[in-house]
Trainee: 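Have a look at this one before I ask anything.
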Amino acid sequence: MADRVHRVTMFKLPNTADQQKLIEAYKTVDATNQKDGKPYILSLAVGVAEEDPRSQGYTVVCKTEFASMEDLKYYDDSCAAHQALKATAKGLAVEGIMTVYFKPQLVGGSA
């Protein structure tokens, strides 16, 4: 897991209906992502952020994991499922997006 690339994307979407539309679009990404004829996203988790002042207005968060930077770049540039997600997001009242990605230097926890 330490060699995986983790990507976190946060959206500022105040409208709850738009939040659910975006989550539905991510369900489609999960069901249809393909590279070389097979699914390549190792993990995908998406949900509405809990209300908290520290969230700074971000309301929907998605965390994905990829086997390599090459797979992440494919997701960003070429994945048809992700392109469809981006098209959906453009039709929503998105007030901001932030994306970061990293390779863990520590993986821990009790699970």
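In what follows, residues are counted from 1 in the order of the sequence shown.
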Trainee: In this structure, are over 12 heavy atoms from other groups packed under 6.0 Å from E70 atom CD?
Mentor: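 No, the 6.0 Å shell around CD holds no more than 12 heavy atoms from other groups.
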
Trainee: Would you check if the side chain of K21 reaches a backbone N or O of T16 as a donor-acceptor pair within less than 3.5 Å?
Mentor: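 Answer holds: no.
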
Trainee: State the OG-CG distance between S68 and L42, to the nearest 0.5 angstrom.
Mentor: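 Answer rounded to 0.5 Å: 8.5 Å.
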
Trainee: Going by heavy atoms in the side chains, are E65 and L44 under 4.5 Å from each other?
Mentor: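 Contact flag for E65/L44 side chains = no.
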
Trainee: If you group Ile, Leu, Val, Met, Phe, Trp and Tyr by side-chain heavy-atom gaps below 4.5 Å, do L72 and V8 land in one group?
Mentor: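 Shared cluster, no.
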
Trainee: Would D3 and K103 pass as an ion pair if we require N to O under 4.0 Å?
Mentor: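 The answer is no: the pair does not qualify as a salt bridge.
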
Trainee: Rounded at 0.5 Å granularity, tell me how far CG in D18 sits from OG1 in T59.
Mentor: 9.0 Å

Trainee: Evaluate the ring planes of Y74 and Y40, with Trp represented by its six-membered ring, and classify them as parallel (under 30°), tilted (30 to 60°) or perpendicular (over 60°).
Mentor: perpendicular

Trainee: Can you tell me how far apart CD1 (I23) and SG (C62) are? Round to the nearest 0.5 Å.
Mentor: 9.5 Å

Trainee: Looking at residues at least two apart in the chain, or sitting in another chain, which of them share a ring-ring contact (aromatic ring centres under 6.0 Å, His included) with Y58?
Mentor: none

Trainee: Grab the two heavy atoms, one from A17 and one from N15, that are nearest each other, plus how far apart they are.
Mentor: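 Where A17 meets N15 most closely, the heavy atoms are N-OD1, 2.8 Å.
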
Trainee: Checking N33 side chain against A81 main chain: does a donor-acceptor pair fall under 3.5 Å?
Mentor: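 No, N33 side chain to A81 backbone: no donor-acceptor pair under 3.5 Å.
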
Trainee: Nearest 0.5 Å, please: how far is NZ in K73 from OG in S78?
Mentor: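 Taking OG in S78 and NZ in K73, the distance rounds to 11.5 Å.
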
Trainee: With the side chain counted from C-beta on, respond yes when R7 and F66 share a heavy-atom pair under 4.5 Å apart, and no when they do not.
Mentor: yes

Trainee: Nearest 0.5 Å, what's the CD-CD1 distance between Q34 and I41?
Mentor: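 Interatomic distance, Q34 CD to I41 CD1, rounded to 0.5 Å: 10.0 Å.
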
Trainee: Please tabulate, for the side chains in residues 88-102, all donor-acceptor contacts under 3.5 angstrom to protein atoms that are two or more places apart in sequence or on a different chain.
Mentor:
residue : atom : partner : partner atom : Å
T88     : OG1  : A84     : O            : 3.2
T99     : OG1  : T9      : OG1          : 3.1

Trainee: Examine the side chains of K63 and H6 and answer whether a donor and an acceptor come within less than 3.5 Å of each other.
Mentor: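 Side-chain D/A pair, K63 to H6: present.
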
Trainee: Main chain of T28, side chain of T32: is a donor-acceptor contact present, judged purely on distance under 3.5 Å?
Mentor: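 Checked: pair present.
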
Trainee: Is any side-chain heavy atom of V60 less than 4.5 Å from a side-chain heavy atom of V46?
Mentor: yes

Trainee: Main chain of L13, side chain of Q19: is a donor-acceptor contact present, judged purely on distance under 3.5 Å?
Mentor: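 Between the backbone of L13 and the side chain of Q19 there is a qualifying donor-acceptor contact (under 3.5 Å).
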
Trainee: Could you measure the distance from the CD atom of Q83 to the CG atom of D76? Nearest 0.5 Å is fine.
Mentor: 8.5 Å

Trainee: Evaluate the side-chain proximity of S43 to T64: yes if any heavy-atom separation is below 4.5 Å, no if none is.
Mentor: no

Trainee: Does M10 share a hydrophobic cluster with Y26, counting links as ILVMFWY side-chain heavy atoms below 4.5 Å and allowing steps through other members?
Mentor: no

